[in-house]
Asks: 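The structure is given below, and queries will be raised subsequently.
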Amino acid sequence: MIKWIAALLGGIFFRFPGAILGFILGSLLDTTTRTKGSGGFTQVFTQEKKVSPGDFELNLLSLSSIVIKADGRVNQTELDYVRQYFVSAYGKERANATFRTFNEIIKSREISAQRICLFLTQRTRYAARLQILHFLFGIANADGNVSNAEATEIQKMAGFMRINFSDFESIKAMFFKTGNHAYKILEVEKTATDAEIKKAYRTMVKKYHPDKVQHMDPVHIKGAEEKFKEVQKAYEQIQKERGLT
């Protein structure tokens, strides 16, 4: 109906060319009206790709296996960390099914971190990818130490997932406790002013707030809460060092 009205108005004001243009625009609006319940106007032009729960779990497990094998050995503590994580997130039965499917897949297909990360990048929000990065560091740190080989592998994955280097360094600093790790977590230099520190803290609170991943499973939300606490701890440490109030 809209397309005919638009064509009529276009013809009245701009003659035949206006009628044609009005018909085209009206057709688009008609399509928008029909699709409003499933995405509205933007859906006419774009279709957001989404990842199914099963695909997400398998790809997350694949990345986990790459991190575990990064230093040339398979650590039982890291394996247990991943299994417990999946059981907590998806339940024992579903987690076991994912592990069985994964074991079948790796027999016939080489696991490519780049391919997996590209797949996830196209289908997940940035905040979710930050949580994946935090999870991968958690695996590497399960035995009490993140090796250089593991950190290098995770950095590659972060690059494939288009995670900013500053965000990568921030999450990495949550596991590498150095003399300036609190500043790295807040993504500022140690020479930053007090005002810059406070501003950085407010920015990081917004970035790592658990509300950003409320669409994910409870265990991922818990991981986001852990990141959030690390930001708070970093700020409190700097407050003590500088006497900030």
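Computed over heavy atoms, backbone and side chain alike; hydrogens, waters and symmetry mates excluded.
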Asks: For Gln76, check side chain to side chain donor-acceptor pair (under 3.5 Å) against everything at least two apart and list the hits.
Replies: Asp80

Asks: Taking the side chain from Asn141 and the backbone from Phe137, do they hold a donor-acceptor pair closer than 3.5 Å?
Replies: no

Asks: Is a donor on one side and an acceptor on the other found under 3.5 Å between the side chain of Thr101 and the backbone of Ala97?
Replies: yes

Asks: Listed by chain and number, what are the side chain to side chain donor-acceptor pair (under 3.5 Å) partners of Asp167, not counting sequence neighbours?
Replies: Tyr126, Lys207

Asks: Can you tell me how far CD of Glu57 sits from CG of Asp55, rounded to the nearest 0.5 angstrom?
Replies: 9.0 Å

Asks: For Tyr81, is there any backbone N or O sitting under 3.5 Å from a side-chain donor or acceptor partner on Gln84?
Replies: no

Asks: Any side-chain heavy atom of Asp71 sitting closer than 4.5 Å to one from Asn148?
Replies: no

Asks: Could you tell me if Arg83 sits above the aromatic ring of Tyr85, with its cationic atom closer than 6.0 Å to the ring centre and no more than 45 degrees from the axis?
Replies: no

Asks: Could I get the full list of side-chain contact (heavy atoms from CB on, under 4.5 Å) partners for Lys190, not counting sequence neighbours?
Replies: Asn180, Tyr183

Asks: Can you sort out the partners of Lys177 under side-chain contact (heavy atoms from CB on, under 4.5 Å), two or more places apart, ordered by chain and number?
Replies: His181, Glu230

Asks: Evaluate whether atom CD of Glu189 has more than 12 neighbouring non-hydrogen atoms of other residues, nucleotides or ligands under 6.0 angstrom away.
Replies: no

Asks: Suppose we screen for side-chain contact (heavy atoms from CB on, under 4.5 Å). Which residues come up paired with Ala158, at least two apart in sequence or across chains?
Replies: Leu133, Ile163, Phe168

Asks: Does the Asp143 side chain pair with the main chain of Asn145, one donor and one acceptor, at a distance under 3.5 Å?
Replies: yes

Asks: Got a sec, which pairs hit ring-ring contact (aromatic ring centres under 6.0 Å, His included) with one end in residues 223-245, sequence neighbours left out?
Replies: Tyr201-Tyr235, His209-Phe228

Asks: Is a donor on one side and an acceptor on the other found under 3.5 Å between the side chain of Arg73 and the backbone of Lys69?
Replies: no

Asks: Name the residue from Asn164, Ile185, Leu130 that meets the side chain to side chain contact (heavy atoms under 4.5 Å, CB included) definition with Ser170.
Replies: Ile185

